[in-house]
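Here the structure comes first, spelled out in structure tokens, and everything after it is commentary.
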Amino acid sequence: MDTAERKRLITRHTEEVVTEEELEELLSEPNPSIYIGYAPTGEMHIGHFTTIRKLADFLRADLDVTVLIADLHAHLDDEKSPFDLLEARSEYYRTAIEAMVEAAGARSEDIEFVNGTEFELDQPYTLELYRLLADTTISRAQRAGSEVVRQSENPKLGGLAYTLMQSLDVAALDADIAYGGIDQRGIYMLAREILPEHGHDKPLCLFAPLLSGLSGGKMSASEAGSGVRLSDDPETVSEKINGAYCPQGEVEDNGVLEYLQHLVFPILEEAGESFVIERPEQYGGDIVYEEYGSLEADFVAGELHPQDLKGATGETIAEIIAPIRARFETEPELLDRAYPDE
RNA sequence: CCGCUCUUAGCUCAGCCUGGUAGAGCAGCCGACUGUAGAUCGGCUUGCCCCCCGUUCGAAUCGGGGAGAGCGGACCA
């Protein structure tokens with residue numbers, strides 16, 4: 001596989017590469033590596049899946065892929081996860097991520113998993129962390145983490161340590177590329193700024209798009225109806241899609257279209273399938289789309305009605321998450337232990 | 001260590017002074033209207049009023065004790 005093809009695989013369906021030149025250069029070196037970190041907090045949803053799907057592309061492009069289960073981070077961020085649940089949630093996250101990778105057509109054994117507590121408590125790491133703490137202003141760290149760390153009237157120090165630790169993780173895991181949702185941009189830009197000052201390599205960054213919530217705002221793990229959970233059954237998926245904010249002809253803040261663009265079509269494309277919308281004769285009969293662009297064009301032109309679109313979208317998404325959902329039906333205790341109060 | 005403030009619906013808070021067992025906004029749910037959703041209109045749900053003890057016929061409200069949170073001061077001879 002040539003460099004151009006590898007680059008295409010790595011960057012397709014992403015939001016931003018920092019920088020393309022650096023990526024091309026990196027791909028000429030042996031064994032380039034990429035990592036993504038997840039703080040095991042709320043239950044995973046299809047937004048996570050859009051991001052994790054890409055790991056299959058990275059493997060195809062012959063990158064070394066590491067997934068960090070950032071257990072400490074889950075607690076440092078305003079104690080989103082109680083300390084006592086870190087282990088259970090880490091286990092759930094790892095299983096869910098493995099299932100997503102498998103569903104994306106790759107082998108989860110090809111990915112290296114590491115928990116934060118396996119190295120973030122070691123002396124070299126903590127010493128380096130203290131040096132970063134000594135060298136970074138509060139406002140700089142706050143700004144970098146503002147899209148990731150929970151903001152509150154009385155912010156804890158943990159949120160600031162979180163940001164520096166995530167920056168340091170890139171170096172500690174020896175990753176050439178830091179990958180994550182575009183919300184992580186602030187933190188990794190900080191990493192690019194401060195890691196070289198402390199004798200580490202400047203990481204490349206690759207960002208995935210974030211999906212809007214179905215009610216118009218950002219998708220949130222804590223807001224039950226705002227996104228499709230991986231554990232939702234087909235009926236629930238359809239209900240959520242049917243209830244989504246989806247103004248006719250409008251693309252802005254339209255969660256349904258975003259799901260199609262960033263999740264459904266990329267998967268169909270990979271599988272060589274097309275998107276079939278069943279539609280009553282009175283509204284024009286069934287219609288088939290091969291790619292997202294023409295669907296959006298029809299939608300904007302008013303030739304595709306939201307209700308027809310929602311039906312097909314719900315069904316397709318339910319099929320997409322079916323294998324992941326099945327994984328947890330065989331081991332329901334994974335979810336029960338991770339979220340005992342739900 | 002000392003002082004002050006706060007704790008009431010999922011969230012933000014009002015009510016407390018002048019006791020009569022609780023309200024608003026937002027959220028949520030259900031209808032109407034749109035071939036979806038939203039918006040709009042109509043309707044509805046929800047509470048250990050932080051805990052314990054006391055006063056009282058009656059305590060969210062008054063008194064005492066305690067817990068949690070926030071802020072400030074002091075200590076730095």
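In what follows, every chain begins at residue 1, and chains take the letters A, B, ... in the order their sequences are listed.
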Can you give each donor-acceptor pair under 3.5 Å made by side-chain atoms of residues 272-282 of chain A, sequence neighbours left out, with the distance rounded to 0.1 Å?
from     : atom 1 : to       : atom 2 : distance (Å)
A/Arg279 : NE     : A/Tyr283 : O      : 3.3
A/Arg279 : NE     : A/Gly285 : O      : 2.9
A/Arg279 : NH1    : A/Glu303 : O      : 3.1

Q) Considering only the C1' atoms, how many Å lie between B/rA60 and B/rA14, rounded to the nearest integer? A) 12 Å
Q. Which nucleotide, B/rU36, B/rG35, B/rG38, lies nearest any side-chain atom of A/Pro306?
A. B/rU36
Q) For atom C1', what is the distance between B/rA27 and B/rG3, given to the nearest Å? A) 38 Å
Q) For residues A/Ser231 and A/Glu43, is any side-chain donor paired with an opposing acceptor at under 3.5 Å? A) yes
Q. Going by atom types only, do A/Tyr35 and A/Asp64 share a side-chain donor-acceptor pair under 3.5 Å?
A. no
Q | Separation of the P atoms in B/rA39 and B/rC30, to the nearest angstrom | A | 14 Å
(Q) By nearest atom, which of the nucleotides B/rG35, B/rU36, B/rC71 is closest to the A/Cys246 side chain? (A) B/rU36
Q) Rounded to whole angstroms, how far apart are CG on A/Asp308 and P on B/rG35? A) 13 Å
Q.
If I take atom CD in residue A/Glu250 and atom P in nucleotide B/rA39, what distance separates them, rounded to the nearest angstrom?
A. 13 Å
Q: Mark yes or no for whether A/Arg89, through its side chain, and A/Ala338, through its backbone, hold a donor-acceptor pair below 3.5 Å.
A: yes
Q: Whole angstrom is fine here: how far is it from CD in A/Glu303 over to C1' in B/rU36?
A: 18 Å
Q | Integer-rounded Å distance: B/rU34 C1' and A/Gln307 CD | A | 11 Å
Q: Go through the steps to decide whether A/Glu24 and A/Lys7 satisfy the test salt bridge (charged side-chain N to carboxylate O under 4.0 Å, His left out), and finish with yes or no.
A: CA-CA 7 Å; A/Glu24 282 164 19; A/Lys7 185 183 164 200; 2.7 Å; yes
Q. For atom C1', what is the distance between B/rG43 and B/rC48, given to the nearest Å?
A. 29 Å
Q: Report the secondary structure of RNA chain B in dot-bracket form, marking unpaired bases with a dot and bases paired to a different strand with |, and treating Watson-Crick or G-U pairs with both distances under 3.5 Å as paired.
A: ((((((((.[[[[.)....(..]]]].(((((.......))))).....[[[[[..)....]]]]])))))))....
Q.
Please report the distance, rounded to the nearest Å, between NZ in A/Lys156 and P in B/rG70.
A. 6 Å
(Q) Taking the minimum atom-to-atom distance to the side chain of A/Pro247, which one of B/rA37, B/rC71, B/rG35 wins? (A) B/rA37
(Q) Going by salt bridge (charged side-chain N to carboxylate O under 4.0 Å, His left out), name the pairs with one or both residues in residues 308-326 of chain A, residues two or more places apart or in two chains. (A) A/Arg325-A/Glu329
Q. Under 3.5 Å, is there a donor-acceptor pair between the side chain of A/Gln151 and the main chain of A/Val149?
A. yes
Q: Would you indicate what A/Glu153 reaches in the nucleic acid, counting non-hydrogen atoms under 4.0 angstrom: base, sugar-phosphate, or nothing?
A: nothing
Q | Spacing of A/Tyr283 atom OH relative to B/rU36 atom C1', expressed in whole Å | A | 11 Å
Q | Euclidean distance, atom CG of residue A/Asn154 to atom P of B/rG70 [Å, nearest integer] | A | 6 Å
Q | Euclidean distance for C1', B/rG42 against B/rA69 (whole angstrom) | A | 41 Å
(Q) I'd like the C1' distance from B/rC50 over to B/rA9, given in whole Å. (A) 15 Å
(Q) In whole Å, I'd like the distance from the CG atom of A/Asn242 to the P atom of B/rU34. (A) 19 Å
Q: Determine the interatomic distance between C1' on B/rG15 and the same-named atom on B/rG25; round to the nearest Å.
A: 15 Å
Q. So which nucleotide from B/rG35, B/rG70, B/rA37 ends up closest to the side chain of A/Tyr245?
A. B/rA37
Q. Going by atom types only, do A/Asp57 and A/His13 share a side-chain donor-acceptor pair under 3.5 Å?
A. no
Q.
Suppose you measure atom P in B/rG68 against the same atom in B/rC76; what distance do you get, rounded to whole Å?
A. 28 Å
